[in-house]
Amino acid sequence: VDFVSNDHYFTPGEAHLDELAFSASLVDGIARKQPWFLMEHSTSAVNWRPVNYRKEPGQLVRDSLAHVAMGADAVCYFQWRQSKAGAEKFHSAMVPHAGEDSRTFRDVCELGADLDALADSGLLGTRLAKSRVAVVYDYESEWASEHTATPTQKVHHIDEPLAWFRALADNGVTADVVPVRSDWDEYEVAVLPSVYILSEETTRRVRDYVANGGRLIVTYYTGLSDERDHVWLGGYPGSIRDVVGVRVEEFAPLGDDWPGAPDHLDLDNGVTAHDFADVITSIGKDAKVLVSFKDDPWTGMDGRPAIVANMYGEGRSVYVGARLGRDGIARSLPAILGALDVDARDSSDPRLLRVERVDETTGVRFTFLFNRSHEPVEVDTRGDVVVASFATKDSDGLTIRPNGVAVLKR
């Protein structure tokens, strides 16, 4: 693709920053770390949701710089001047109905000054630094999981990569989100989150990746079908059972649409599965159960494996056989990464999202630090502060307030 761009409108609420960073990282993955454009985003509220939430103070600048951090070399808004009439008259703009004497317009001007400062400091021409962890996203798996005749309509591929991206961030890891046809097999750790379709080619890549020393995380709903949506036979995940060291005979969907139906499963590490679980009936000779299910004895799930580690060739894998959600994944990740024998932490403080762009010729790095929390975060400064929005520098370091961002150059 010669020109890669994105239209992005923020997700209201607690997922706001994380979902934005996830989306921007995926676009950077599609662009193969070449420059891309943010063609549209909003200064504040949109007009097409049932409730059109505004952006809080600081979020206009922070949101735009999050796209820049993830590789965008241009940020564009819809729209310039908020219209007086028509279907989009309540969609926010650079110049709102209130005019230039408004927080929105002042923030737009601040953003312009920040972008000038970054350009003058040499940001253009840099690329998003490669993470040690790749989270794989697959559009065809999403389309397949949207089909009506699936084990459950509560599970779609699109939700699992975001949950893993957020859970990794909760453990101080800023992952790259990459398409399934990208070079995910050149990362130290790769996550296949509910990648429903595994083609013969992707299957070969999985096998070679782990056999040659790769560290692989695979979840439920992965590798159920080939590229024609023909189920791999012999037990799930059919084409890579030996790689992950498990054999799943059937599924245990979870729901609350019928009285008395099972709506959750507890795990013996203290987390809870919702919506979906695998019935793992056997594991490989080199596999080790990390976590098991806890349930009433007559259900057939009590004591069954839930998370399994395996050795394959020179590499290792971990299979997660249930939908744990962001919180459950985050709490399980230390054991998972331990079983893979990796320490991929980017930041010692999971309240910060840390992103770096690097000039591969000169070695100059721009470090973007975003506050993911609702409290001020103090950080040591290593390098010159190029941009500080909702952040203040003093002799002891840098304090980044909620909705704040700082950019350091070194």
Side-chain angles (χ1 to χ4, degrees), residues 1-11 15-43 46 60-80 111-112 114-115 118-119 122-143 157-162 164-166 168-169 174-187 190-193 195 197 199 201-202 205 353-361 365-366 368 370 405 407:
V1 178
D2 296 313
F3 181 84
V4 176
S5 68
N6 191 23
D7 287 4
H8 186 273
Y9 291 95
F10 71 97
T11 299
H16 185 144
L17 175 63
D18 287 355
E19 191 282 329
L20 186 156
F22 169 85
S23 175
S25 182
L26 174 59
V27 178
D28 187 75
I30 293 170
R32 304 303 197 263
K33 296 196 178 299
Q34 297 301 307
W36 56 274
F37 266 47
L38 177 63
M39 292 291 282
E40 284 189 23
H41 69 318
S42 65
T43 57
V46 298
L60 183 153
V61 173
R62 181 204 66 184
D63 287 4
S64 296
L65 293 184
H67 289 284
V68 172
M70 288 294 184
D73 272 3
V75 291
C76 305
Y77 281 115
F78 179 84
Q79 51 190 326
W80 163 243
L111 174 64
D114 290 342
L115 294 176
L118 289 168
L123 183 74
L124 293 173
T126 64
R127 300 289 182 265
L128 176 65
K130 183 178 178 180
S131 174
R132 297 169 66 189
V133 181
V135 175
V136 176
Y137 187 93
D138 179 31
Y139 286 98
E140 291 179 346
S141 287
E142 171 56 24
W143 301 333
H157 165 70
I158 192 171
D159 299 317
E160 198 68 14
L162 176 58
W164 279 87
F165 180 85
R166 300 192 70 194
L168 285 160
T174 304
D176 283 353
V177 185
V178 297
V180 72
R181 291 182 176 87
S182 72
D183 59 352
W184 58 263
D185 48 356
E186 295 180 5
Y187 286 76
V191 185
L192 298 183
V195 182
I197 288 178
S199 66
E201 170 64 17
T202 305
R205 292 178 64 191
L353 183 71
R354 179 187 179 96
V355 184
E356 288 196 329
R357 287 182 59 156
V358 61
D359 186 323
E360 296 177 354
T361 302
R365 286 181 176 265
F366 291 85
F368 292 73
F370 299 92
V405 55
V407 185

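Quick note: numbers below take in every heavy atom, side chains included, and nothing from hydrogens, waters or symmetry partners. Residues: numbered from 1 along the sequence shown. Small disclaimer: the values here were computed from a predicted structure and weren't measured.
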So Trp36 and His67, would you call those rings parallel, tilted or perpendicular, with 30° and 60° as cut-offs?
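Perpendicular, since the angle between the ring planes exceeds 60°.
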Restricting to non-hydrogen atoms, name the atom on [X] and the atom on [Y] that form the minimum distance, rounded to 0.1 Å.
X	Y	answer
Leu26	Tyr139	CD2-OH, 3.7 Å
Ser64	Leu111	OG-CD2, 3.4 Å
Gly71	Asp28	CA-OD1, 3.8 Å
Val405	Phe370	CG2-CE2, 3.3 Å
Ala129	Arg365	CB-NH1, 3.9 Å
Ala69	Leu128	O-CD1, 3.4 Å

Below 4.5 Å, heavy atoms only, C-beta onward: do [X] and [Y] meet side chain to side chain?
X	Y	answer
Pro179	Arg32	yes
Ile197	Trp143	no
Arg127	Pro35	yes
Leu60	Tyr77	yes

Start with the C-alpha gap between Val355 and Met70, add the side-chain angles, then the distance that decides, and say whether side-chain contact (heavy atoms from CB on, under 4.5 Å) holds.
CA-CA 7 Å; Val355 184; Met70 288 294 184; 3.9 Å; yes
Between the side chain of [X] and the main-chain N/O of [Y], is any donor-acceptor distance below 3.5 Å?
X	Y	value
His8	Glu40	no
Thr126	Leu123	yes
Ser25	Asp176	no
Asp138	Ser141	yes
Ser131	Thr174	yes

Using 0.5 Å steps for rounding, measure from the [atom1] atom of [X] to the [atom2] atom of [Y].
X	Y	atom1	atom2	result
Glu140	Thr202	CD	OG1	9.0 Å
Asp18	Leu353	CG	CG	6.5 Å
Thr43	Phe78	OG1	CZ	10.5 Å
Asp185	Tyr187	CG	OH	10.5 Å
Phe3	Met39	CZ	CE	5.0 Å
His16	Arg62	NE2	CZ	4.5 Å

Kindly indicate, with the supporting measurements, whether the criterion side-chain hydrogen bond (donor to acceptor under 3.5 Å, both in side chains) is fulfilled by Glu142 and Tyr137.
CA-CA 9 Å; Glu142 171 56 24; Tyr137 187 93; 5.2 Å; no
Determine, using ring centers only, whether His41 and Tyr9 are less than 6.0 Å apart.
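Ring-ring flag for Tyr9/His41: false, centres at least 6.0 Å apart.
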Could you walk me through whether Leu124 and Leu118 satisfy the side-chain contact (heavy atoms from CB on, under 4.5 Å) test, starting with their C-alpha distance in whole Å, then the side-chain angles of each, then the deciding distance to 0.1 Å, before giving a yes or no?
CA-CA 8 Å; Leu124 293 173; Leu118 289 168; over 6 Å; no
If you count heavy atoms of other groups shown closer than 6.0 angstrom to CZ of Arg181, is the number above 12?
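No, CZ of Arg181 has 12 or fewer neighbouring heavy atoms, counting only those of other groups under 6.0 Å.
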Go through Arg357 and Asp73 one step at a time and tell me if the salt bridge (charged side-chain N to carboxylate O under 4.0 Å, His left out) criterion holds.
CA-CA 11 Å; Arg357 287 182 59 156; Asp73 272 3; 2.7 Å; yes
